[in-house]
Visitor: 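My questions will all concern the structure given below.
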Amino acid sequence: MSVAGAGIDGAPSVRPGVPRERRAPDPGAHWNRPEQQHDLTPLARSGLLHATPVFGTVAPPRALSGAVRRLAYRVPEHRSTRWALLLAGDKLDVLEHRLAAGVWLLPVAVALAAGYVGVSRALRR
């Protein structure tokens with residue numbers, strides 16, 4: 001069931017979008033190409049001459065996760081191995097950050113363990 005005069009096939013006088021359609025189309029986004037960071041080697045797909053304008057280098061690849069990602073970018077894009085390695089790199093990155101966040105616990109745990117050993121030896125005497 002259709003309403004008379006409604007929809008794209010209706011007369012232009014009753015179509016609500018017609019005034020907007022009369023404007024010239026927007027030519028697209030405008031931006032100045034940002035300067036690329038030269039101290040980093042970006043990971044990019046093969047065949048790409050330059051990094052895209054929105055290429056991010058906020059979190060450069062590092063440690064074991066970075067090595068896995070670099071390995072993944074050597075594999076052609078059509079191989080599932082590449083995507084599996086990229087997923088594994090993401091999981092390793094999360095694990096590395098969680099371990100780094102918990103490093104401060106190591107001295108505390110050692111101190112508590114030493115205190116526990118000292119107290120247990122004192123109670124045995």
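The figures here come from the full heavy-atom set of this structure, side chains too, leaving out hydrogens, waters and symmetry mates.
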Visitor: Provide the closest heavy-atom pair for Val75 versus Thr81 in the form atom of the first, atom of the second, distance.
Guide: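 Residues Val75 and Thr81, closest heavy atoms: CG1-CB, 4.3 Å.
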Visitor: Counting distance only, does the side-chain N/O of Trp83 pair as donor-acceptor with the main-chain N or O of His78 below 3.5 Å?
Guide: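 No, Trp83 side chain to His78 backbone: no donor-acceptor pair under 3.5 Å.
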Visitor: Which residues pass the side chain to side chain contact (heavy atoms under 4.5 Å, CB included) test with Leu64, not counting sequence neighbours?
Guide: Leu92, Glu96
Visitor: Ion pair present between Asp90 and Arg69, side-chain N to carboxylate O less than 4.0 angstrom?
Guide: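 Yes, this pair counts.
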Visitor: Is any side-chain heavy atom of Lys91 closer than 4.5 Å to a side-chain heavy atom of Leu95?
Guide: no
Visitor: Let me confirm one number: the CZ-CG distance from Arg70 to Leu85, rounded to the nearest 0.5 Å.
Guide: 13.5 Å
Visitor: List the atom of Gly89, the atom of Ser65, and the distance in Å for their closest heavy-atom pair.
Guide: O-CB, 3.3 Å
